[in-house]
*Asks:* 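I am attaching a structure below and will ask some questions about it afterwards.
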Amino acid sequence: MSGTTEPTRQAGWIWKNTYADLPSIFHESTPPRPVARPEQVVFNGKLATSLGLDPAALETPEQTAVFAGNQVPEGTQPLAQAYAGHQFGHFTGLGDGRAVLLGEHTAPDCRLWDIQLKGSGRTRFSRGGDGRAALGPMLREYLISEAMAALGIPTSRSLAVAATGEHVMRDEPKPGAVLTRVAASHIRVGTFQWAAAHQDTAALRALMEYTAKRHFPEIDPEDARAFFIAAMNRQIELVVDWMRVGFIHGVMNTDNMALSGETIDYGPCAFMDAYDPDTVFSSIDHGGRYAYANQPSIARWNLARLAEALLPLFDEDRASAADFANENLGNYEAAFQKQWLAMMRTKTGLLNEEDGDAALIQEFLDGMRAAGADFTRTFRILATTDAADEPPFDDGPLRDWHPRRVERLSRQPHSLEEARHAMCAANPAVIPRNHRVEAALADAEAGDTTAFHELLEALSSPYDDPGDNNPLALPPPPGTPKCVTFCGT
Ligand code: AMP
Ligand code: MG
């Protein structure tokens with residue numbers, strides 16, 4: 001990437017400011033606002049090392065001051081990114097209201113990583129908000145984003161959480177914090193919508209070429225059509241991965257969909273326990289717009305908004321530009337279905353293809369729903385045991401299904417060991433269960449991070465055998481209240 005500044009090094013940081021070189025409609029120079037008493041709460045040494053940073057040099061008071069926004073590292077040009085977005089279907093101008101991008105760090109493999117401070121104070125885009133974040137939600141993002149990374153799912157990462165020594169007003173005063181987020185970029189569908197709303201085709205083109213160079217090096221960066229197809233394929237892969245582990249993003253607004261294909265903006269997200277495709281956790285998602293089973297069609301809806309924004313770059317002739325968009329959006333469902341089925345086959349141990357597989361898998365899902373069976377544990381039982389004598393296969397709606405699966409497996413040339421091996425790699429044993437996450441965060445907010453670190457450690461190898469009846473791998477006890485998640489935290 002080209003940058004106007006020479007890289008600057010300190011603690012291993014190699015800063016560039018390539019986003020700052022984009023046209024001015026995309027950013028507003030904004031420093032992080034200092035806080036009262038920066039204190040490190042959690043720091044990700046492994047991530048730091050993989051980024052070519054020096055962990056020891058990052059665990060100093062000077063670097064805690066950087067992670068809290070009290071010191072701006074030499075060589076950075078902090079900015080708030082401007083973007084628009086459809087929030088629950090309604091278009092609006094947004095932008096970083098409580099975050100600043102310090103710049104991009106160059107990792108040893110020469111890839112650029114956005115280093116963003118979240119909760120760093122008010123910006124031009126803060127509207128009525130205070131620009132701040134509470135400790136609990138920032139630790140929640142840290143925990144779940146790191147769990148997603150360990151699950152092998154593209155995601156923004158979390159490098160550090162610094163307490164601010166200040167309170168933020170939510171429903172009651174809460175301890176404040178700043179999260180240092182690392183991402184392939186923070187370019188969103190909404191960033192393209194922002195350029196389109198300005199009817200600034202030159203800026204739109206600059207953004208597309210910049211994004212293509214950062215995320216799709218395999219295509220010609222000037223080819224908007226190849227760009228759209230590549231972006232669409234990335235989203236399909238991502239959402240198939242979410243469906244695989246029962247992840248519900250919760251707020252798939254177009255400003256929360258990253259062109260990189262990473263999961264970003266961990267707000268009201270949560271993992272499903274009992275399988276129910278209508279599962280929603282967010283307190284404000286009354287219509288179930290972002291329910292588990294709706295995620296594929298919402299991703300398509302968001303991609304349609306991306307296509308709308310890109311129309312002037314597809315073709316000068318609007319009719320042929322629209323034809324291109326419609327044709328490719330028309331391919332989405334079949335492409336998604338194909339990848340989803342391949343993923344579900346692996347989850348159930350079907351290593352070759354038969355015509356009846358889709359129906360067999362659907363009957364399994366329907367049976368799980370009818371039985372109120374736990375999504376993660378049921379697949380894991382299938383992967384690691386003979387299953388027939390284990391709940392939920394020993395009784396109820398899945399009792400008749402299981403022998404048919406055994407018969408189906410007997411028709412494939414692969415051994416049971418091969419099937420189990422593939423299944424164990426696709427079916428995690430440990431996920432961030434809501435009841436565990438909530439308990440760990442409550443302790444951490446009260447100053448005890450023991451449970452938080454235990455959970456983080458268990459989530460770092462989610463596909464390994466956690467040992468018999470490891471409590472961190474078990475579903476919530478019966479009667480556990482349903483988790484409710486919140487935006488605006
Ligand atoms: P989100 O739901 O996290 O994607 O946020 C939607 C928009 O609200 C983004 O523009 C955020 O920057 C902004 N926002 C969220 N919380 C705050 C806050 N406490 N202060 C200012 N802006 C905020
Ligand atoms: Mg957002």
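Counting starts at 1 for both ligands and their atoms, following the listed order.
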*Asks:* Suppose we only count N/O/S atoms under 2.8 Å; would D255 qualify as near the Mg ion (ligand 2)?
*Replies:*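 No, since none of the N, O or S atoms of D255 sits under 2.8 Å from the Mg ion (ligand 2).
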*Asks:* Using atom types as modelled and distance alone, determine if a side-chain donor or acceptor of R140 lies under 3.5 Å from a backbone N or O of C269.
*Replies:*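 Yes.
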*Asks:* For the 3.5 Å polar cut-off, considering only N or O atoms, please tell me whether G131 and ligand 1 meet it.
*Replies:*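 N/O-N/O distance below 3.5 Å exists for this pair.
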*Asks:* Parallel, tilted or perpendicular for F452 and Y142, by the 30°/60° rule?
*Replies:*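 If you compare the ring of F452 with that of Y142, the planes turn out tilted.
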*Asks:* Could a heavy atom of D130 be found less than 4.0 Å from some atom of ligand 1?
*Replies:*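 Right, D130 reaches ligand 1.
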*Asks:* To the nearest 0.5 Å, tell me how far M232 CE sits from L306 CG.
*Replies:*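 Here the rounded value is 11.0 Å.
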*Asks:* Check whether the ring centres of F88 and Y290 lie less than 6.0 Å apart, and answer yes or no.
*Replies:*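 Aromatic pair counts; centres sit under 6.0 Å.
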*Asks:* Can we call the ring centroids of F26 and Y210 under 6.0 Å apart?
*Replies:*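 Ring centroids of F26 and Y210 are no less than 6.0 Å from each other.
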*Asks:* May I ask you to identify, for D96, whether its side chain, its backbone, both or neither come under 4.0 Å of ligand 1 on a heavy-atom basis?
*Replies:*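 The answer is the backbone of D96.
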*Asks:* Of H198, H86, R188, E308, which meets side chain to side chain donor-acceptor pair (under 3.5 Å) against Q193?
*Replies:*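 Option passing the side chain to side chain donor-acceptor pair (under 3.5 Å) with Q193: H86.
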*Asks:* If I consider every N, O or S atom in D265, which one ends up closest to the Mg ion (ligand 2)? I only need its name.
*Replies:*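 D265's closest N, O or S atom to the Mg ion (ligand 2) is named OD2.
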*Asks:* Using ring centroids (six-membered ring only for Trp), state whether W13 and H105 fall under 6.0 Å.
*Replies:*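 Yes; W13 has its ring centre under 6.0 Å from that of H105.
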*Asks:* Considering only heavy atoms of D265, which atoms of ligand 1 have at least one such atom less than 4.0 Å away?
*Replies:*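 Taking each heavy atom of D265 in turn, ligand 1 has 4 (O) under 4.0 Å.
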*Asks:* Between D255 and R305, is there a salt bridge with N-O shorter than 4.0 Å?
*Replies:*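 Looking at D255 together with R305, the answer is no, because their closest N to O distance does not fall below 4.0 Å.
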*Asks:* Within ligand 1, which atoms have a heavy atom of D255 less than 4.0 Å away?
*Replies:*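 Near D255, meaning under 4.0 Å from one of its heavy atoms, ligand 1 has 4 (O).
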*Asks:* Does ligand 1 come near enough to Q87 that some N or O of the ligand is less than 3.5 Å from an N or O of the residue?
*Replies:*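 Checking ligand 1 against Q87, no N or O pair falls under 3.5 Å apart.
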*Asks:* Can you tell me if N253 has an N, O or S atom under 2.8 Å away from the Mg ion (ligand 2)?
*Replies:*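 It does not: N253 brings no N, O or S atom closer than 2.8 Å to the Mg ion (ligand 2).
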*Asks:* Out of curiosity, Y266 OH to M148 CE, how far, rounded to the nearest 0.5 Å?
*Replies:*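 Nearest 0.5 Å value for the OH-CE distance: 4.0 Å.
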*Asks:* Please indicate whether any nitrogen or oxygen in G97 is less than 3.5 Å from any nitrogen or oxygen in ligand 1.
*Replies:*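 Yes, at least one N or O pair falls under 3.5 Å.
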*Asks:* To the closest 0.5 Å, what do you measure between CD (Q339) and CE (M344)?
*Replies:*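 Reported value, rounded in 0.5 Å steps: 13.5 Å.
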*Asks:* Numbering the atoms of ligand 1 from 1, which are under 4.0 Å from a heavy atom of R170?
*Replies:*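 Near R170, meaning under 4.0 Å from one of its heavy atoms, ligand 1 has 19 (N).
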*Asks:* Could you tell me whether R234 and E262 make a salt bridge, using a distance below 4.0 angstrom between a side-chain N and a carboxylate O?
*Replies:*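 Result for this pair is no, no salt bridge flagged.
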*Asks:* Considering only heavy atoms of N256, which atoms of ligand 1 have at least one such atom less than 4.0 Å away?
*Replies:*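 Listed by number with element: 4 (O).
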*Asks:* Decide whether the shortest distance between a heavy atom of C487 and an atom of ligand 1 is less than 4.0 Å.
*Replies:*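 No, C487 has no heavy atom closer than 4.0 Å to ligand 1.
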*Asks:* Would you mind listing which atoms of ligand 1 come within a distance below 4.0 Å of any non-hydrogen atom of R132?
*Replies:*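 Matching atoms, with element in brackets: 19 (N).
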*Asks:* Between D265 and R181, is there a side-chain N and carboxylate O pair less than 4.0 Å apart?
*Replies:*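 So D265 pairs with R181 through a salt bridge.
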*Asks:* At less than 4.0 angstrom from any non-hydrogen atom of G129, what atoms of ligand 1 do you find?
*Replies:*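 Reading through ligand 1 atom by atom, the close ones are 20 (N), 21 (C).
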*Asks:* State if Q81 counts as touching ligand 1 under the rule of any non-hydrogen atom under 4.0 Å.
*Replies:*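 Judged by the 4.0 Å heavy-atom criterion, Q81 does not count as contacting ligand 1.
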*Asks:* Please report whether atom 10 (O) of ligand 1 has a protein non-hydrogen atom at a separation of less than 4.0 Å.
*Replies:*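 Yes, there is one.
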*Asks:* Run down the list R127, R98, M169 and name the one with the heavy atom closest to atom 7 (C) of ligand 1.
*Replies:*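 Looking at heavy atoms only, R127 sits closest to atom 7 (C) of ligand 1.
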*Asks:* Quick one: does G267 get within less than 4.0 Å of ligand 1, heavy atoms only?
*Replies:*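 No.
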